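These notes concern the structure reproduced below.
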Protein chains: 2
Amino acid sequence: MALFLSTHQNKIDKKGRVSVPASFRAQLSEESFQGLVLFRSNVHSCLEGFSFSYMQEIGSRLDDFDLFSAEQDDLATSIFGTAVQLSMDGDGRIILPQDLIDFASLDEKAAFVGMGAKFQIWNPANFEQRRDVARQAVQSKGLTIPKGVPKGDRNE
Amino acid sequence: MALFLSTHQNKIDKKGRVSVPASFRAQLSEESFQGLVLFRSNVHSCLEGFSFSYMQEIGSRLDDFDLFSAEQDDLATSIFGTAVQLSMDGDGRIILPQDLIDFASLDEKAAFVGMGAKFQIWNPANFEQRRDVARQAVQSKGLTIPKGVPKGDRNE
DNA sequence: GCTTTTCCCATGATATCCCATATATATCCA
DNA sequence: TGGATATATATGGGATATCATGGGAAAAGC
């Protein structure tokens, strides 16, 4: 499973290209499809990035809903209908579609933020505020990571 | 299994032709039959699009209903009875039958909406409303993608 | 005959590929 | 240790391929 770590700021050139951080590429390179999937965050004005196989995993889980059920339809519309599949060029760059650039208020720089199994893409200035808010929330609420469930009992 | 992602708007020319989005074509090209199956949605005023092999999957799921039951008869009629099999020309275009154009209220543009294993074709304006409704439903009902729980152990 | 469908080619926009360069990091050898 | 060389990364730009779309010619149906 991919593990995206740390924050990297890369430039968006005038063709709309951004280099995916090399360490993220290393995580994605284990994939059969050399690329990634982006969609709009439901919470923040940022983009969320996943490996292609993670989307396939979501796709097969959606298959467990009844076909044509309202739940399946709503989820598939809001997840797959708004996702964008991007391939990387030989130098590890993707082209950000204009509507996603607008959604995340990106201009000349994009901050790639590792979130473990996924990552986010932020306008660097907006992310600094978000990071401060998140850190305060963790402190004030005393948030912790739940302890590990034995491997055999996990929902994976 | 095919995985249809993202939303693409393509023009319907005066011959009734529409380009199937290139990424959808790539998914369909793995199929033995180079084409797709369309039928009327039972829920929305849009068209449902499937690969031929996924139609076979639907057929086998329908077999789980009692043969000759009223439900099986209704579903089979509304799905298979209205389905059309369309082939693509050398440039990846299909010709939409007039009755399907009318059913989905299509005019000069068609929005191809990826839904994972299937896709939908919408009038772009109608889809924007549908997308907003779906997003609200996901948030208000708290819908999430279920974790991969073994089939018998679910709380559904 | 005429209409409708299928096939083929042209075109502009865009994405992709390929190579060049700058900068940073790592490696090596005296 | 220190300096030189090699490697990896990010970025820029030009050449090429792909895609969506339009239109015409050939083929098929009525």
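In this text, all values refer to a predicted model and were calculated from it rather than measured experimentally. Below, chain A is the first sequence line, B the second, and so on; all start at residue 1.
Between B:Arg130 and A:Asp73 there is a salt bridge, since a side-chain N of the basic residue sits under 4.0 Å from a carboxylate O of the acidic one. Between A:Lys11 and A:Glu108, no side-chain nitrogen of the basic residue sits less than 4.0 Å from a carboxylate oxygen of the acidic one, so the salt-bridge criterion is not met. Between A:Arg93 and A:Asp91 a salt bridge is recorded (basic side-chain N to carboxylate O distance below 4.0 Å).
With rounding to whole Å, A:Met88 atom CE is found 17 Å from C:dA15 atom P. Between B:Leu96 atom CG and C:dT5 atom P the separation is 12 Å, expressed in whole Å. Taking atom CD1 on B:Ile95 and atom P on D:dG29, their separation rounds to 15 Å, with Å as the unit.
Centroid-to-centroid, the aromatic rings of A:Phe80 and A:Phe39 stay 6.0 Å apart or farther. Centroid-to-centroid, the aromatic rings of B:Phe24 and B:Phe119 come within less than 6.0 Å.
Between A:Ser87 and C:dA15 there is no side-chain N or O to OP1 or OP2 distance below 4.0 Å.
A donor atom on one side chain and an acceptor atom on the other are not found under 3.5 Å apart for B:Asp132 and B:Gln136.
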How would nucleotides 7-21 of chain D be written as a contact map, 5' to 3', with B for base contact, S for sugar-phosphate-only contact and - for no contact, using protein heavy atoms under 4.0 Å?
-> --SSBBBB----SSB

